[in-house]
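Here is the structure we will look at, set down as structure tokens.
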Amino acid sequence: MFNVCQSGRPMTFPQLLQQRVAAALTGLGHTLPEGFTAAVDPAADPRFGDYQTNAAMVLAKALKTNPRALATELAGAIDITGLSATPTVAGPGFINFAITAEALQTRLDSLLADEKLGIAPTENPRTIVIDFSAPNVAKQMHVGHIRSTIIGDCLARIARFVGHRVITDNHIGDWGTQFGMVLYGWKRDLNEAALLSDPIRELLRIYKAVNAESKAQEDELKAGDRPDTPVRDACRAELVKLQAGDPENLAIWRRCVDLSLSGLAVVYNKLDIAFDHYLGESFYNDRLPSLVAELEASGLARESNGALCIFMDDSPDAAPFIIRKRDGGYGYATTDLATVEHRLRVWQATDVWYVVGAPQAYHFQQLFDATRRWGLQGRFQHIAFGSILGPDGAMMKTRSGESVGLMEVLEEAEERALAVVEEKNPDLTGDEKAEIARAVGIGAVKYTELSQHRLTDYKFSWDRMLALQGNTAPYLQYSYVRTRSIFRKLDGTEPALAGPYLITEDQERWLALTLSRFAEVVPAVLEDFRPNLLATYLFTLAQAFHSFFEACPVLRAEGQVRATRLALCEATSRVLKTGLGLMGIRTTERM
RNA sequence: GGCUCCAUAGUUCAACGGAUAGAACGGGGGUUUCCUAAACUUCAAAUCUGGGUUCGAUUCCCGGUGGAGCCA
């Protein structure tokens, strides 16, 4: 009945409708303008119908005819057999479609038979390296890292789900200038006992102490109260020794990295996030001198004010990409070039996605420009996101230490969730409560990030980050729990799923339609890297389910009505679990 | 100084150039002998400002105002 795609799955309702609208236009003898597609979208308001097209209005403009008349003519010519009720024309020339109950019933059946829930694998599979999280060694992961980590993980899961080959790479900051300070502080006043009991905290203490001292001296220098900055100079000296391969400094550095990685593992474990690779900055050290030499020899880079620079192709007056500093050192620019080279040549990536904050936009513009002119081919994406602001509305500064630790947020999230479980469901076992608290607490934090537009800046707030009411993960998780609860109550002898189905009630209809839209939404997330589309969709689905649940008794119904409602519950259950899973959020059977 | 991003109910967020701008929280009303009330239902409440393009602008363009960021 429905046209199918390559994988044998039925096309989505908008795809089918679009096909038929296009066929009708051709049948009417209209020559379509270049680039015209008969786009079909969900209707703005359910009162108008389920889907709408404004093709007649767009086309009427190009053909200089009356849109309303064209819409009427077109509506009459569309073959909607097995798909929609007779299309209606409304407003200036919208054509509205109402999917028939039969089509929804058939769709429900195919959804339940498909482990991918209607999502066709991409026809153009790519090899995508996703660069996200990227914390710095010897520093604490704070809330500022949360967006990259959670958004990156979600995009990786979705890209895999739709059939891309995905390589996740945590580009750890393990070779930055902060090591000068850490080394200096380590040698001067490391507390071994403290290092053993809480390594990250001790490293952070050293770093902060040295940083504060160095900064104070710099301020005094500026104010003319002091002729030199001995701490800063000593730190630089330590850094130079490290980079020159000094065995003692290398050993300390190695230990710092190892300690930090084990600290990070705890956080990632709590977050349920794993990486295929942890190739930090240091991995590329050996490549940097030859890379710079190549770029210089090829003429792409040239000297300017003692530094070796790549100037932007299209705007040569703009700030250049500095690949070797005046003092001979290498910065992020050089490391990033070596990194992208590795990803393209060794991993054979076709795409590289960088999930990094919006302030880095210019850096990536430079990086992509330089990479292309170097001759490396690939699709590069800076997937930017907005900043988490402090209470004053300005960005939180790591160095001043005012930002909140990520682990602290996750632990508080679990505690708050646990308190709610204790209150709502005291009879559960301790293990169950802990499992629920984890799913709900961590889920709430992830959902907060994923449910809003990634470019939005927001002020950090505990209550916002850890909210458990309203448009939050637990609302969705609770819908899932309700579906599972119904199936626990079946006696075990009756088949849970048995068509043919019969949809009659409004709430059933709306739920079935919403379920079918999962296949429309998931691929759309990757069009503009917008996880909030999936979050919004799942929230709509949960709302549809709760309304259905209140209005349509399942277990007290009989025959075909009961079978249909069970099928709707099962489909909701699977879509919610899968959809939440794509966001890295767990579900539990009870809560 | 140059460039980039942002501005929507009291608050926090949505809205491929489409119809009467949609939610959540908070506020007001209602729903529990019935599959988990972490739920449902209902009411009030918003596009910073001035132009432009368009049949149609929260969305695109230009100028203000206000906020954030990047670069030197």
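Naming: A, B, ... by sequence-line order, numbering from 1 per chain. Because the structure is a prediction, the values reported are computed rather than measured. The basis for the numbers below is simple: all heavy atoms, side chains too, and nothing from hydrogens, waters or symmetry mates.
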With sugar-phosphate meaning primed atoms plus P, OP1 and OP2, does [X] contact a base, only sugar-phosphate, or nothing at under 4.0 Å between heavy atoms?
{"X": "A:A384", "answer": "nothing"}
{"X": "A:S461", "answer": "nothing"}
{"X": "A:E527", "answer": "nothing"}
{"X": "A:N66", "answer": "nothing"}
{"X": "A:A361", "answer": "nothing"}
{"X": "A:Y362", "answer": "sugar-phosphate"}

Any donor-acceptor N/O pair under 3.5 Å between [N] base and [X] side chain:
{"X": "A:N54", "N": "B:A19", "result": "no"}
{"X": "A:Q477", "N": "B:A38", "result": "no"}
{"X": "A:D457", "N": "B:C6", "result": "no"}
{"X": "A:R556", "N": "B:C34", "result": "yes"}

Candidate nucleotides [options], ranked by approach to the side chain of [X] - the nearest:
{"X": "A:A319", "options": "B:C71, B:A38, B:G18", "value": "B:C71"}
{"X": "A:Q52", "options": "B:C40, B:A19, B:A38", "value": "B:A19"}
{"X": "A:K61", "options": "B:C55, B:G18, B:C40", "value": "B:C55"}
{"X": "A:R530", "options": "B:G18, B:A14, B:C35", "value": "B:A14"}
{"X": "A:I486", "options": "B:A24, B:C35, B:A39", "value": "B:C35"}
{"X": "A:D41", "options": "B:C35, B:A39, B:C16", "value": "B:C16"}
{"X": "A:K424", "options": "B:A38, B:A19, B:A39", "value": "B:A38"}
{"X": "A:R47", "options": "B:G18, B:A37, B:U20", "value": "B:U20"}

[atom1] spacing across the pair [N] / [M], given as an integer number of angstrom:
{"N": "B:A21", "M": "B:U58", "atom1": "C1'", "value": "8 Å"}
{"N": "B:C25", "M": "B:G67", "atom1": "P", "value": "32 Å"}
{"N": "B:A23", "M": "B:C40", "atom1": "C1'", "value": "16 Å"}
{"N": "B:G64", "M": "B:G2", "atom1": "P", "value": "11 Å"}
{"N": "B:G51", "M": "B:C13", "atom1": "C1'", "value": "30 Å"}
{"N": "B:G66", "M": "B:G27", "atom1": "C1'", "value": "29 Å"}
{"N": "B:C16", "M": "B:C3", "atom1": "C1'", "value": "28 Å"}
{"N": "B:U47", "M": "B:U20", "atom1": "C1'", "value": "15 Å"}

Revision key, fill the gap. By nearest-nucleotide position on RNA chain B, the 5'-leaning member of A:S547 and A:P553 is A:P553
Check your understanding: Which residue lies toward the 5' end of RNA chain B, A:A417 or A:K459, if each is placed at its nearest nucleotide?
Key -> A:K459
Rounded to the Å, how far apart are [X] [atom1] and [N] [atom2]?
{"X": "A:H453", "N": "B:U59", "atom1": "NE2", "atom2": "P", "answer": "16 Å"}
{"X": "A:E423", "N": "B:A37", "atom1": "CD", "atom2": "P", "answer": "15 Å"}
{"X": "A:Q365", "N": "B:C5", "atom1": "CD", "atom2": "P", "answer": "10 Å"}
{"X": "A:F539", "N": "B:A14", "atom1": "CZ", "atom2": "P", "answer": "14 Å"}
{"X": "A:Q452", "N": "B:A24", "atom1": "CD", "atom2": "P", "answer": "17 Å"}
{"X": "A:M57", "N": "B:C16", "atom1": "CE", "atom2": "C1'", "answer": "14 Å"}
{"X": "A:Y475", "N": "B:U12", "atom1": "OH", "atom2": "P", "answer": "23 Å"}
{"X": "A:L533", "N": "B:C13", "atom1": "CG", "atom2": "C1'", "answer": "14 Å"}

Are any of [X]'s side-chain N or O atoms less than 4.0 Å away from OP1 or OP2 of [N]?
{"X": "A:T536", "N": "B:C13", "answer": "no"}
{"X": "A:K489", "N": "B:C35", "answer": "no"}
{"X": "A:Q469", "N": "B:A39", "answer": "yes"}
{"X": "A:R464", "N": "B:A24", "answer": "no"}
{"X": "A:Y537", "N": "B:A14", "answer": "no"}

Exercise for review: Fit a plane to each ring of A:F549 and A:F545, take the angle between them on a 0 to 90° scale, and name the class: parallel (under 30°), tilted (30 to 60°) or perpendicular (over 60°).
Suggested key: tilted
Exercise for review: Assign the ring pair A:F368 / A:F380 to parallel, tilted or perpendicular, where the plane angle (0 to 90°) is split at 30° and 60°.
Suggested key: parallel
Can we call the ring centroids of [X] and [Y] under 6.0 Å apart?
{"X": "A:F539", "Y": "A:Y475", "result": "yes"}
{"X": "A:H171", "Y": "A:Y354", "result": "no"}
{"X": "A:W353", "Y": "A:F529", "result": "yes"}

Tell me the partner of [N], counting only Watson-Crick (N1-N3 plus N6-O4 or O6-N4) or G-U wobble (N1-O2 and O6-N3) with both under 3.5 Å; none if nothing fits.
{"N": "B:C3", "answer": "B:G69"}
{"N": "B:A57", "answer": "none"}
{"N": "B:A23", "answer": "B:U12"}
{"N": "B:U32", "answer": "none"}

**Study point:** Closest contact, heavy atoms only, A:A437 versus A:E414
**Key:** CB-O, 3.7 Å
Exercise for review: First locate atom CE of A:M312, then atom CZ of A:R373, and finally report the distance between them rounded to the nearest 0.5 Å.
Suggested key: 8.5 Å
Check your understanding: Between CD of A:Q18 and OG1 of A:T53, what distance do you get to the nearest 0.5 Å?
Key -> 8.0 Å
Check your understanding: Is there a stack between A:Y478 and B:A39, judged by ring centres under 5.5 Å and planes under 30°?
Key -> no
Check your understanding: Can a salt bridge be assigned to the pair A:D272 and A:R438 using a cut-off of 4.0 Å between side-chain N and carboxylate O?
Key -> yes
